[in-house]
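Nothing here was measured: the structure is a model prediction, and the numbers come from that model. Atoms within a ligand are numbered from 1 in the order they appear, just like the ligands themselves.
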Amino acid sequence: MTRSIRGRCAKRPSDDERPPLIVSPRSDLGPPPRLGYIASRIDRVASLRGDDAALKRLSADVRAGAYVIGGELIVLKASSPACDPLFAPAEARALGRVHEIVFLGLMDEAPRFGFRLDAQAIELLKARDDLKITDLRSIAVQGLVEPEHLPPLAEAKALLAWHARHSHCPNCGARTDVVQAGWRRDCPACGAEHFPRTDPVVIMLAIAGERCVLGRSPRFAPTMWSCLAGFAEPGESIEEAVRREVLEEVGIACGRIKYFASQPWPFPSSIMIGCHAEALSDSIVVDRDELEDARWFDRDELVAMLKRQHPAGLTTPPPVAIAHHIIRSFVEDGCNVLN
Ligand SMILES: [Zn+2]
């Protein structure tokens, strides 16, 4: 079934002389798929992070569960159809040397923790038949755990990756202490307090009428094309970061920027800020240091890619990634996404 939404893109005040664009009919792509790592059911109860007695009680709670992570790898209990990512705290300790424990919060009142194990210890666990050791991208893309576990796994992975890389004070170089149940590191030498970082990344689709620009990073799967993306820099707004990144990567100037949605992306600790951008120019100049290639795609070609029916086998990123949803919204609504 094709739903027709013959809409008209709003005119910018500066293009009064230009006729409004007609948006072609909406493609029926079926029900929207689930975006990964969002809609956490965890209540973070930050008020308990400094309450040692409460944390002790929560650790001893029979409902307590721990996600076990080392470097990029997550330890799962192998089972079918879905693996179980939760270990009792004592089980988690028995898996190897624990570096840090963080309190993630309560899920349906059950305490949830993240345990960071030695990456080497995790490698050794690969020999065990009762465990499955894999990375969080694979877990999300292959649906290896129940969806409710993805947000706390992302929370644990990003937080524990911060601990792994911030053991010493950037101010004076002394070793810092873990406090606030893993949500702060304090320096005993200079008194500085350090908080976990989240790095903002803008990810955007530059569009003009019925077409948009996709690019390919050399590290992508050979057939995959995606939105452009890059880190927002200090002293820069989201809109400025979007315009700068598109100009740097493909040489296209952008006008209007419309926020779409965001997604935690714990690789290692980003938040993806999804936007649509109005492309003001046509000619693409690819920054070969950043991209293998970039080109224009029209909405019909994107439909084929989203449906995995492209004649050349080209694809979009999987539904777990926000790029899939940014592209899909343009396929469904055309340049109305800029209104
Ligand atoms: Zn210090």
#### Entry: Check: Q309 side chain, V303 main-chain N or O, donor-acceptor pair, under 3.5 Å
no
### Task
Using ring-ring contact (aromatic ring centres under 6.0 Å, His included) as the criterion, list what pairs up with W162, not counting sequence neighbours.
H166
### Qualifying residues under ring-ring contact (aromatic ring centres under 6.0 Å, His included), relative to F330, sequence neighbours excluded
none
### Task
Look at the rings of F113 and F103 and say which category their plane angle falls in: under 30° parallel, 30 to 60° tilted, over 60° perpendicular.
tilted
### Query
When you measure from the centre of the six-membered ring of W183, is the NZ or CZ of R44 under 6.0 Å away and within 45° of the axis?
no
### Task
Spell out the protein N/O/S atoms under 2.8 Å from the Zn ion (ligand 1) as residue plus atom name.
C169 SG, C172 SG, C187 SG, C190 SG
### Message
Just to verify, what does R243 make a side chain to side chain donor-acceptor pair (under 3.5 Å) with, not counting sequence neighbours?
### Response
none
